[in-house]
Amino acid sequence: MPAITLRDILINARQETVQMRHFYIGVEHLFIALLQIQGGLASSILQGQGLTPDYVIEAIRRKAGRGSPQRLWVGIPDTPRAVLVLDIAKEFALEAGRDEAGERDLLRAILEENDNLATRTLRTLGADIAALTEAARVYTPTTEAQPPDLAVSFGAAFDRSEAIEREHLFILRRMFASYPKIRIERRLTGFRKALILVVTPIQADEREAASVVAKIDLADNILDEVQRYEQHVKSALPLQAARLEDPPTAPEVSELAGIKYTLVANSGITPQDLRNRVRDQGLDGLGRLLKQELYARFSKNWWHQNRLFRFQVWMEYDWLLPPILILDAADESESSRNACVLHIPFNRARVKTRLKELEFGDTVILENFVVQRADHHTNVLKLAIGYGDEADKRAYKVDVRGLNLTKGHFYRGEVIERLVGRVWKTRHDILVESALSLQPDFDLRGRWIPSGKSRVLNPLNTYDDLLDRHINGSQSKIHGDLHLGNVLIGPNGSMWLIDFGHTRDGHTLFDWASFEVSILGDAVMPSLDESWDTARLILQYIVALNTRTPISSSDSRIRVAMETIEAIRDIVQECLTDETRWDEYYTALALCALRAITWDTMSLGGRRLMFLLAGLMALEVNYAALVPETLTPSPDEDGPISPGTSTPKTDVIDDLTPDHQSRPDILKRRGIDSWPDDKH
Amino acid sequence: MILRLEITIMSGVDDGLHFNHSTENGDGQLDDQRWTISIGRREDSDICLRHDVFVSRQHALIYWDGYRWWLQDCNSTNGTFTEIRGADERVSGTIPINPGELFRVGRTWMRIEPTE
């Protein structure tokens, strides 16, 4: 390989600074130029710390931000710090008896200076600068392009109907390169590029090491997960937990990366996830285990932190729903005077009205939206109102199609000052499409959805009002993606949480609402059948559960299912901020259920139940809003739902009344002796 | 007593530039117990950031009150920020600032150097 000269590197640096509209050469541009060398020294030594060049480049660009179009100087000067670093590099070269600095000299100089934007960014990503400095000094590329031969066998529980893709096997071989053999015990999840496996490494003398959980996904997702683990999870794990001990495996040649979760306190048992367990053994006993194993063990550091947290619902839940808009990128010339401008920061109420008026083909101008991801496979640029772990920064998603997403054109976290597009679909369109795919046997346009002899609110008309509500809730560390596939269980019932890709500080009840959705949609419905009638039947049992009415069913599957949901509700009861205000939970559940109707991974029956559940929960929330109204002397006063969104009383009173549930029971539960006369 | 302040620019086209100010040279503004150094795009600012279009004419002040350094945002358009756990946090009003801590004026990061 020909030596890379300083000239080559400076050409790269120049391209970078022009693309970022910086128009100066700083140390960060020099470092990015080094990272852009395929198989170069910089990317090789970062790989040793589990970082990929692209990941680091994006983090540096995020930190620096794109420059403004106006330029206040001529030419492309070097910054004082870049001059200093180039001088240090020259000294390294002279020491080695060379006239001109090369790749290694420059890299060493940047790390040595260690006060520049590049090394500052590396430190926030958890890199060890001292180790990198040493590696840059001594690293010699080896010709180990071919990973060592690793024999892969499959355990008895592995479902062979779906083969593991070559790309995934490649990462797997790298991850377990220090063993001669591995046995893949089972597949836990496989969704798009993400693959989670239980793997037993086997040593040369045939001794088996403890099984680990291997997760393979797009490199960005894996590296983000490691960042979140370091930031949120590491310090708050109970003794028995899945831990990340090794740095991720992120080869430069693949877009995928892998991590290994070690199951501490796991002695020679092969765990399975709850999804598999429930499929094989049903839900029997699961409720008790959830309370005793999962909740009891994790709640101290997680869900019981209970910091008071008042928020408007959209801040925690808007990101769950489909994008507010899918746009086709358009030319600046198409922006007209009456185009709809969405400018961040914005006023929610005003934007809500504007979004409602938008139709196919309308022109929209986005200002200050932030890039979440540039999806090269689907050619979609994903935007939202901010960037970071918090839910509110991921709210108001907009997908833009038809842009040039060539590598490096957009970076994650970039603030896009202005972008013009035409409406292809609105959030409402997407939700209606999903609802239609459920083949409803009722009219989707009405305010009500019939359910047996009674009815629930149409969730398609109510979610926006739910997002407007204010909640006095609590915030804690949450898993962020709690479902049956992310909880592992050993033969003795012990449980581990895995997959911390969404862990953050957020609304405490979110985890339990998602978990209830997962149990109902992934376990209960698939064990029965897919019909609307079955979904309605289950819904009636949920109504009974909401009112704490004893449940009797001759079907043992339903009895066990409801016991499990009841266990979740017991946990929720402990996590409610005000133990009498269940609307805090119902709001979360309504939105989690609505989100699930768009999932193609959930069974048809599951999604049908989710649609009805979202409607039921919206109705429950409306009841809760009525309570203060009936207790205060003035019947016209607004409840917790913000002005303009409260529903006329006549609508609410005329609601779902299951056969076994009489109205006085609902009222009693709410502490009301009699329902106020309908004066309308 | 002679007061000194060394500020290093940590990003942008002037990355690595040092500003040295001292009461001995008559820099800044000294009244009573307070020594104030101004930051802005105006030519007569003590620390003039003429290359950052996101900096207001009079953007921020750093002052010594006899005990410690304070950073004050002068209602600037694009704000003054500190770095808290990797995220930028906008300064409202006046906050204490320690040597070695990074802060951002407009788009330009800078820091007070520790003095011996």
Side-chain angles (χ1 to χ4, degrees), chain A residues 17 20-31 59-60 62-88 113 115-126 227-228 230-232 345 386-390 393 413 415 505, chain B residues 6-21 39-43 45 47-57 59 75-90 92 97-115:
Chain A
T17 198
M20 291 292 286
R21 296 201 303 243
H22 289 160
F23 305 111
Y24 55 83
I25 301 278
V27 180
E28 61 274 27
H29 306 109
L30 296 173
F31 191 66
I60 294 174
R62 234 175 356 255
K63 193 81 208 153
R66 209 182 278 277
S68 88
Q70 308 113 292
R71 183 152 46 134
L72 302 176
W73 55 87
V74 288
I76 299 186
D78 293 347
T79 67
R81 199 182 300 278
V83 171
L84 174 72
V85 163
L86 288 167
D87 279 348
I88 301 175
E113 198 267 346
D115 200 18
N116 52 72
L117 208 144
T119 53
R120 291 208 306 271
T121 308
L122 283 173
R123 269 198 296 274
T124 61
L125 295 177
Q227 295 291 323
R228 285 185 188 230
E230 291 290 325
Q231 205 180 336
H232 293 286
Y387 190 80
D389 294 352
E390 296 92 342
K393 296 198 171 138
V415 181
D505 291 325
Chain B
E6 183 182 348
I7 286 205
T8 308
I9 306 291
M10 299 301 291
S11 74
V13 65
D14 293 324
D15 184 15
L17 200 66
H18 298 283
F19 286 90
N20 281 297
H21 289 294
I39 304 175
R41 218 140 61 83
R42 230 164 56 186
E43 288 295 326
S45 305
I47 294 171
C48 173
L49 300 171
R50 61 176 67 84
H51 293 144
D52 184 347
V53 292
F54 293 91
V55 172
S56 299
R57 289 164 54 73
H59 196 112
N75 294 323
S76 62
T77 316
N78 294 305
T80 304
F81 297 80
T82 53
E83 199 174 33
I84 291 175
R85 278 188 299 153
D88 299 356
E89 189 137 317
R90 190 163 182 157
S92 54
I97 186 98
N98 295 317
E101 281 173 6
L102 285 147
F103 61 95
R104 175 159 69 85
V105 171
R107 282 276 180 94
T108 307
W109 286 95
M110 49 180 77
R111 124 188 121 192
I112 302 176
E113 296 299 331
T115 42

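Chain A is the first sequence line, chain B the second, and so forth, proteins listed ahead of strands; every chain is numbered from 1.
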Practice problem: Can you tell which part of E28(A) gets under 4.5 Å to a heavy atom of chain B, answering side chain, backbone, both or neither? | Solution: side chain

Quiz prompt | Part of R104(B) within contact of chain A (heavy atom distance under 4.5 Å) | solution = neither

Quiz item: With a 4.5 angstrom heavy-atom cut-off, which part of N116(A) approaches chain B: side chain, backbone, both or neither?
Solution: neither

Exercise. Measure distances from R71(A) to the heavy atoms of chain B and classify the residue's part below 4.5 Å as side chain, backbone, both or neither.
Key: neither

Self-check item: Heavy-atom closest contact (P80(A) atom, V13(B) atom, distance)
Solution: CD-O, 3.6 Å

Self-check item: Under the ring-ring contact (aromatic ring centres under 6.0 Å, His included) test, residues paired with Y24(A) that sit two or more places apart
Solution: H22(A), H29(A)

Self-check item: chain A interface, residue from H18(B), R50(B), R111(B) that has the most non-hydrogen pairs under 4.5 Å
Solution: R111(B)

Quiz item: For I9(B), is it the side chain, the backbone, both or neither that has a heavy atom under 4.5 Å from a heavy atom of chain A?
Solution: backbone

Quiz item: How close do R107(B) and R66(A) get, heavy atom to heavy atom, and via which atoms?
Solution: NH1-O, 2.5 Å

Quiz item: Which heavy atom of L72(A) sits nearest a heavy atom of D52(B), and at what distance?
Solution: CD1-N, 4.1 Å

Exercise. Among the options Q231(A), R120(A), Q70(A), pick out the one with the most heavy-atom pairs lying under 4.5 Å from chain B.
Key: R120(A)

Quiz item: So with a 6.0 Å cut-off around CZ of R90(B), is the heavy-atom count from everything else above 12?
Solution: yes

Self-check item: Sole candidate of T8(B), D15(B), D14(B) that passes side-chain hydrogen bond (donor to acceptor under 3.5 Å, both in side chains) when paired with R81(A)
Solution: D15(B)

Practice problem: Determine whether D88(B) and K63(A) make a side-chain contact, defined as any pair of heavy atoms from C-beta on separated by less than 4.5 Å. | Solution: yes

Self-check item: Greater than 12 external heavy atoms within 6.0 Å of R123(A)'s CZ
Solution: yes

